[in-house]
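Structure, as structure tokens:
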Amino acid sequence: METTAPVPKLLLQLISSAFQRCRLSEDLCRLSVLLDQSTNNDPPITCISIADTGIGCNLEEFQNLRCPREFNGAKIWDGLLSVKTTCFTDDEVYCYHINLDEYIANKRLKRQPSQAKNGAKFSGTEVSLTVFGSMDVLVAPIIGFFQKMLVLQIPNVTMDLMVKQGESPGNQTQYVFAVNADKNQYFTASNLERLKSGLEDYVLRHGNCLDTMCDHCFSDREHLKVGSGIVCQEEKHKRVGGTMEVVIVISDLLETTQHCSRSCDGKTEVLYFDNFSPSPVPHLALSALKKIDWKKYGLILANVNDQDGHVFLEWENFPSYVQIQISLHWYHNQYPARQKNGPGISLLKKGIKNALDNLKAKHEGFLLSSHARKICSYVPDLARSIAGLIFSSTDLDFQGDCLSVLGFQTQEVERDIVEDYIQRKIVTVIGMNERKPQKDQEAAPFLFFDGESETSFFEDEDVEGEYYSSSLE
């Protein structure tokens with residue numbers, strides 16, 4: 001079944017539809033995929049079931065599905081979908097056969113005898129199909145799809161993938177992938193907050209290949225730098241309203257990452273979600289990524305590697321101990337949308353830029369341009385000189401006034417602490433000035449504020465070294 005490329009694509013479309021039916025339900029739902037392979041045939045026959053306990057399907061979901069029966073001269077499946085579906089208010093389960101090879105509507109869909117529910121109250125859908133060949137090439141794409149689904153952190157959906165091989169009693173059904181819907185804290189979170197948390201987990205668990213954080217590469221999630229941006233598109237007579245959300249996570253890897261087989265290779269993976277479903281990165285998003293002024297953020301884009309919709313950004317002079325992950329999510333503001341449309345380049349660019357600017361605002365001295373970093377390279381010497389002038393003075397009143405301006409209330413403070421504080425303040429002002437539009441940039445009117453205490457200094461985030469580090473050059 002090495003030649004069954006259309007089948008995995010069809011399966012992911014069916015799984016995505018099942019996931020949407022679960023997401024739109026107000027109850028906890030289960031999405032279950034079963035691959036049952038019989039080895040008594042040559043080639044093997046794999047029966048596939050995609051079942052969900054969501055809101056019940058609309059048959060229009062299947063009208064645009066296409067999958068050829070043959071691929072590269074080999075028969076890959078029988079072309080028939082078997083669909084069973086019901087809603088809570090229905091008294092029976094409706095059954096259909098859908099022939100994806102048929103283009104004539106009244107021949108494509110054939111209704112089968114319904115099944116009585118006998119007063120039971122439940123909703124859900126099961127889609128079944130049969131493919132010819134080994135199921136091995138189907139498992140990896142489905143797991144990859146589920147791993148990306150987790151980034152969205154939809155709180156009411158349990159997902160599992162089960163495989164069964166052969167008729168022998170010893171070949172029991174095995175759970176290959178299972179996730180419980182037990183994240184109650186995310187029921188009240190916004191889509192953007194869930195996307196941020198989900199992408200953090202995706203980074204810490206190496207693409208959700210691990211159940212927990214990788215101890216070789218990360219110490220804790222508090223060391224991740226996270227920026228987010230959101231842009232809304234208003235609804236017009238020929239355009240459906242939508243929202244573009246962007247999250248960027250930057251992490252410094254531990255020295256022990258060399259012992260991890262899954263450690264980052266310096267490339268930046270770009271995840272794209274279209275209406276709450278993993279999707280290949282569209283060409284407009286690729287264009288937007290290429291048009292970003294990355295040098296403004298201390299990055300030099302070397303190449304955009306597009307592998308059939310799986311996109312990786314490659315950087316020049318990029319350190320091995322830094323990892324960047326980007327997630328883009330576009331969704332319509334109303335469901336179902338009267339028509340589907342994607343975001344334009346300008347909307348995508350604005351969302352990405354907002355996320356980068358958010359990162360710079362939250363982490364002073366981080367993601368500075370090469371010009372700002374060059375200025376910052378002189379900051380340590382300047383701070384050392386200012387601190388030297390203060391502490392070398394024999395005028396205690398002068399020392400006290402200087403320390404008071406800096407926010408310290410005692411003359412017993414150590415010189416290194418004062419020097420470090422001056423350094424931080426200068427870098428903060430450089431960062432603030434760089435975030436202004438070019439035409440508005442001006443010399444800062446002040447560096448220090450009266451009334452700042454020594455305590456407030458120690459509560460500041462540690463940014464030491466980031467402003468002259470080569471990590472993002």
Side-chain angles (χ1 to χ4, degrees), residues 12 16 19-20 23 144-154 189-204 207-208 224-234 239-251 264 267-294 296-297 299 301 303-315 323-333 335 337 340-360 362 367:
L12 297 187
S16 177
F19 183 80
Q20 299 308 316
R23 181 183 68 85
F145 193 78
F146 278 175
Q147 288 168 340
K148 291 181 174 63
M149 287 272 210
L150 293 179
V151 176
L152 297 174
Q153 299 226 338
I154 304 301
S190 67
N191 293 328
L192 183 59
E193 288 300 319
R194 289 199 293 260
L195 184 62
K196 287 195 287 186
S197 178
L199 190 60
E200 288 179 18
D201 286 344
Y202 188 85
V203 170
L204 295 173
N208 286 327
L224 300 180
K225 297 178 177 66
V226 184
S228 61
I230 183 169
V231 186
C232 295
Q233 176 176 278
E234 294 183 0
R239 186 180 68 187
V240 177
T243 300
M244 185 75 231
E245 296 176 345
V246 181
V247 176
I248 300 175
V249 175
I250 300 181
S251 56
C264 172
K267 296 180 181 178
T268 293
E269 182 182 13
V270 180
L271 301 179
Y272 191 86
F273 298 90
D274 186 349
N275 285 290
F276 299 91
S277 181
S279 171
V281 180
H283 291 297
L284 285 178
L286 286 176
S287 299
L289 288 165
K290 293 176 182 178
K291 292 178 179 295
I292 295 293
D293 184 9
W294 294 105
K296 178 182 176 182
Y297 304 96
L299 294 162
L301 184 63
N303 186 40
V304 177
N305 188 1
D306 182 7
Q307 303 173 3
D308 296 325
H310 297 86
V311 172
F312 296 87
L313 307 183
E314 299 175 7
W315 312 99
Q323 178 179 350
I324 302 177
Q325 187 82 36
I326 300 175
S327 180
L328 313 173
H329 184 197
W330 161 258
Y331 56 91
H332 296 124
N333 294 337
Y335 186 90
K340 287 189 174 182
N341 67 297
I345 291 181
S346 60
L347 197 76
L348 284 157
K349 282 182 61 180
K350 189 172 182 180
I352 298 169
K353 184 178 180 299
N354 286 350
L356 289 167
D357 290 340
N358 181 246
L359 261 172
K360 291 185 74 167
K362 290 165 62 177
L367 288 181

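The basis for the numbers below is simple: all heavy atoms, side chains too, and nothing from hydrogens, waters or symmetry mates. Numbers for residues simply follow the sequence, beginning at 1.
- Every residue two or more places apart in sequence or in another chain that forms a side chain to side chain donor-acceptor pair (under 3.5 Å) with K353 is listed here: D357.
- When atom types are taken as modelled, the side chain of K196 and the backbone of V247 share no donor-acceptor pair closer than 3.5 angstrom.
- Smallest separation of non-hydrogen atoms from C232 and T243: SG-OG1, 3.9 Å.
- Residues meeting the salt bridge (Lys or Arg N to Asp or Glu O under 4.0 Å) test with E200, sequence neighbours left out: R221.
- The closest side-chain heavy-atom distance from I352 to I326 is not below 4.5 Å.
- The nearest pair of heavy atoms linking G229 to L192 is O-CD1, 4.5 Å.
- The CG atom of N305 sits 12.0 Å away from the OG1 atom of T268 when rounded to the nearest 0.5 Å.
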- Query: Can L271 and L199 be said to form a side-chain contact (heavy atoms from CB on, under 4.5 Å), step by step?
  - Reply: CA-CA 9 Å; L271 301 179; L199 190 60; 4.1 Å; yes
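- Annotation: the span from I248 atom CD1 to K225 atom NZ amounts to 14.0 Å, rounded to 0.5 Å.
- For Y272, the ring-ring contact (aromatic ring centres under 6.0 Å, His included) test picks out no residue, with sequence neighbours left out.
- Although no hydrogens or angles enter the test, the distance criterion places a donor-acceptor pair under 3.5 Å between the side chain of N275 and the main chain of H332.
- Rounding to the nearest 0.5 Å gives a distance of 10.5 Å between OH of Y331 and CG of L152.
- Summarising the geometry of V203 relative to Q323, their closest heavy-atom pair is CG1-NE2, 4.0 Å, with the distance given to 0.1 Å.
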- Message: For F312 and V281: C-alpha separation, side-chain torsions, deciding distance, then whether side-chain contact (heavy atoms from CB on, under 4.5 Å) applies.
- Response: CA-CA 10 Å; F312 296 87; V281 180; over 6 Å; no
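- Atom CG in L301 sits 5.0 Å away from atom CH2 in W315 (nearest 0.5 Å).
- In plain terms, the two heavy atoms of Q153 and S197 that are nearest each other are OE1-OG, 3.6 Å.
- Taking every heavy atom of both residues into account, M149 and P278 meet most closely at SD-CD, 3.7 Å.
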- Hey, mind stepping through V304 and V270 against side-chain contact (heavy atoms from CB on, under 4.5 Å) and telling me if it holds? CA-CA 10 Å; V304 177; V270 180; over 6 Å; no
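- Using a 4.5 Å heavy-atom cutoff, the side chains of V249 and Y202 are not in contact.
- At least one donor-acceptor pair closer than 3.5 Å links the side chain of Q325 to the backbone N or O of E269.
- Note that CZ of R194 is 5.0 Å distant from CG of N191, once rounded to the nearest 0.5 Å.
- One distance of note links CD1 of I292 with NZ of K349; it measures 6.0 Å at 0.5 Å rounding.
- Screening L328, L356, I230, N354 for a side chain to side chain contact (heavy atoms under 4.5 Å, CB included) involving V246 leaves a single residue, L328.
- Between P343 and M244, the closest heavy-atom pair is CG-SD, 4.0 Å.
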- Could you walk me through whether L299 and L313 pass the side-chain contact (heavy atoms from CB on, under 4.5 Å) test, one step at a time? CA-CA 11 Å; L299 294 162; L313 307 183; over 6 Å; no
